[in-house]
Amino acid sequence: MGQHIFCKIIDAHKVSGELQVGKEVAIRIDQTLTQDSLGAMAYLQFEAMKKEKVETELSVSYVDHLMLQLGEGNGDVHRYLETVADRHGIVYSKAGNGICHQVHLERFSRPGKTLIGSDSHTVTCGAVGMAAFGVGGLDVALAMGGVPFYFTYPRAIRVVLEGELAPWTTAKDIILELLGRITTKGNVGTIIEYSGSALKSLNVPQRATIANMGAEAGITTSIFPSDEMTRAFFRAQGREQDWLPLESDPDAEYDKEIVLNLAEIEPSVAIPHSPDFVKKVREIEDLKVNQVLIGSCTNSSYQDMMRTALILKDKKIYPDVELGISAGSRQVLSMLAEVGALGWMIDAGARILESGCGFCVGQGQAPEKGAVSIRTNNRNYKGRSGTQDAKVYLVSPETAAATALAGVLTDPRTMGMDYPNVQMPEKFKHDDSMFLFPTGTKKIYRSSLIGEPPINTPMPESFEGKVAIKVGDMINTDDIIPGGPAMTFRANIQKSCDFVFQFIDEEFPENCAAIREEGRSPIIVGGVSYGQGSSREHAALCPMVMGVRCLLAKSIERIHQANLINFGILPLLFENEADYEHIGQGDIISIENIHNAVLRDRVSVVNKTKNETYITKNGTTERQRSIILAGGLLNSIRNKQESRDLYV
Ligand code: MIC
Ligand code: SF4
């Protein structure tokens, strides 16, 4: 049987395991990336491995999330990141150089290579035929140390793109349409490969928009073939030598096929508060809008920005609308400046924001209470904008620009304007001077504001717990540990704990403390698709520090489940989902014979309060089970080092 693209790359990088759906496989990682909100923890963990230099072909540390450098702490984190990178052979991308995914695509992506990054949108580089995964920081630390990356070999969906996009419909509308169909849940353990005749008309930045939002579907990754379009992108980036062709074999098999005719796609919008609540823009047109924000790693390429600029040129935005625009990278920003497009945006009334994550993760531009905010990014979770009751709608840059002019949500086709003809440039401007390439000479900067990575204790044979919180379906990691101001403290775990479940139950931290006082362990109970969204390992790390030993849920998303395991928290899935209804906050839970039960993948959870027993499984591999029992990955590695079975 022939191989599909992802399979070919994994086969070429396989260290152990089988390329069989549901089986665990370990691969060699060529490249890693980190960003500054989660990077410090990953580098502290790397340092704990006592390796002189990273063992990857390329590791890059980006500064893009904490750009405002509000208050104490962020500046220290950035200096630590810069110096630790210099010491250990890591490239450092300075604040202002752009958003990690956009910049990595531009300057470092390579077809056929493997990439992991401590950010869920690392999957963006699937646009050029890389096998790219979002993971927890600890996985990145280990990969930098030369340890293989383990994951469950996924099933493959082939999405066949046919036809051509009509004017004013975009790559964003394609991925919104697909998200509306496959939703954000139930896609764990799946990859998407894009193919079909329409690829001839979709260039790499457009493909990147599509690959980027695979993260919202919860799939392992997305991948595009590496073809002549890809080659044109590498040529334009001045690195055609990095290109190679990559396609699936004609007889490759897929578990499912979805056909999308691009000609039928219309301008679309994801309505609050989930990226898969998708409608056509025309269905909710005339919605009064307070704020429009254009940018993020989903939609801030040169074409996105140029089209925005051409729509705004010689016009003024609607008086009571706030418009903010952030180009994805310094490359894009500088090119916009050269052709005068920045001037058109400024003259129309836009605020030009830095090239960074910014508004996308609640770092600035929090709108007024109850505001309607139209954005081009990828997540519209409740509260992520920094304003709890704001309503965020996700659209393409074209729809966003049309909306900024009209003051109401507008289908850009109704503007009566010719679609701006913007092609991918034949040559991008490239200037790599904001990368600091490692010299090995800097002294590592340390600060009291950067804490040590905490470590769990081995799983006891039995423990008594108490349900500290019971939440519903589709709880995302922003719900568990918010972005926005909380993000400023990511390198300080104790402080970060104060924000856990802040907007669902602000008493959660005290509640956990009280449960610990009773000599019990706090337990979290979740519904379907617990842990959607970001890869932030703090959503596991903080609960661990707060004494949580176990999460009971109906289903758990991939990256979050991996993070729980890495930090020694036992993820348990109800065998009978109806049991979820019985268990309540404050119930006393006891789990006995844990080691045996975990190894048998059948754990009995006794609810002492209700006098009931729930059968659960943990849905993990043998290796993962031994990590849980060891009390997390660092402990497990330490044990193996002691037994000289280094890092595998
Ligand atoms: C996000 O988009 O939510 C983030 C911020 O980029 C996260 C990472 C983080 O929590 O720092 C992600 O997508 O993984
Ligand atoms: Fe940054 Fe937003 Fe992209 Fe996350 S989704 S990497 S916060 S731009």
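Heads up: numbering here begins at 1 and tracks the sequence. Order of listing sets the numbers, starting from 1, for every ligand and every atom in it. The analysis underlying the following values was restricted to heavy atoms, covering all of them including side chains, and did not include hydrogens, waters or symmetry mates. What you see is a predicted model; the values in this text were computed from it and never measured.
Near His121, meaning under 4.0 Å from one of its heavy atoms, ligand 1 places the atoms 13 (O). Which parts of ligand 1 touch Asp119 is read off a 4.0 Å heavy-atom cut-off, strictly below it: atoms 4 (C), 6 (O), 7 (C), 8 (C), 12 (C), 13 (O), 14 (O). Ligand 2 places these atoms under 4.0 Å from at least one heavy atom of His101: 6 (S). Residue-ligand proximity, Ser37 to ligand 1, at heavy-atom distances under 4.0 Å covers atoms 9 (C), 11 (O). Residue Ser120 approaches ligand 1 through these ligand atoms, each under 4.0 Å from one of its heavy atoms: 12 (C), 13 (O), 14 (O). Heavy-atom proximity to Val361, at under 4.0 Å, picks out these atoms of ligand 2: 7 (S).
Residues Thr122 and Cys125 fail the side-chain proximity criterion, which asks for heavy atoms closer than 4.5 Å. With contacts defined as side-chain heavy-atom distances shorter than 4.5 Å, the pair Asn290/Glu368 qualifies. Residues Phe233 and Pro205 are in side-chain contact: their nearest non-hydrogen atoms beyond the backbone lie under 4.5 Å apart. For the pair Glu537/Val135, no side-chain contact is recorded, criterion being any heavy-atom separation below 4.5 Å from C-beta on.
Note: Phe108 and Phe435 meet the aromatic proximity criterion, with ring centroids under 6.0 Å apart. Here Phe224 and Tyr194 bring their ring centres to under 6.0 angstrom of each other. Taking the six-membered ring for Trp and the full ring otherwise, Phe489 and Phe499 have centroids separated by under 6.0 Å.
Neither the backbone nor the side chain of Gln35 comes within contact range of ligand 2; no heavy atom lies under 4.0 Å. Residue-level proximity to ligand 1 for Ser535 is carried by backbone and side chain together, each with a heavy atom below 4.0 angstrom. When non-hydrogen atoms are compared, ligand 2 lies under 4.0 Å from the side chain of Asp119 (C-beta onward) but not from its backbone. Only the side chain of Asn378 comes within 4.0 Å of ligand 2, counting heavy atoms alone; its backbone N, CA, C and O stay farther away. Contacts between Val361 and ligand 1 below 4.0 angstrom, taking non-hydrogen atoms only, involve the side chain exclusively. Heavy atoms of His65 found under 4.0 angstrom from ligand 1 belong exclusively to the side chain.
Ionic pairing of Arg446 and Asp76 is not present here: no N-O contact between side-chain nitrogen and carboxylate oxygen is shorter than 4.0 angstrom. Ion pair Asp473/Lys185 not flagged as a salt bridge, since none of the NZ, NE, NH1 or NH2 atoms sits closer than 4.0 Å to an Asp/Glu carboxylate oxygen.
Relative ring orientation between Phe133 and Phe151 is described as tilted, the plane-to-plane angle lying within the 30° to 60° band.
Partner Phe428 forms a side chain to side chain contact (heavy atoms under 4.5 Å, CB included) with one of Arg107, Met335, Glu106 and no other, that one being Met335.
Nearest protein heavy-atom contact of atom 1 (Fe) of ligand 2 is Cys357 SG, 2.3 Å. Protein heavy atom closest to atom 8 (C) of ligand 1, with residue, atom name and distance, is Gln35 NE2, 3.2 Å. Given atom 7 (C) of ligand 1, the protein heavy atom at minimum distance is Ser534 CB, 3.3 Å.
When Arg384, Met487, Arg536, Glu216 are checked for heavy-atom proximity to atom 2 (O) of ligand 1, Arg384 turns out nearest. In this structure, of Ser535, Cys360, Ser37, Ser296, the residue bringing a heavy atom nearest to atom 2 (Fe) of ligand 2 is Cys360. Looking at Gly362, Cys297, Ala215 and measuring to atom 3 (Fe) of ligand 2, the nearest heavy atom belongs to Cys297.
Proximity of Arg379 to ligand 1 is established by a heavy-atom distance of less than 4.0 Å.
The shortest non-hydrogen separation linking Gly96 to Met67 is N-CE, 3.5 Å.
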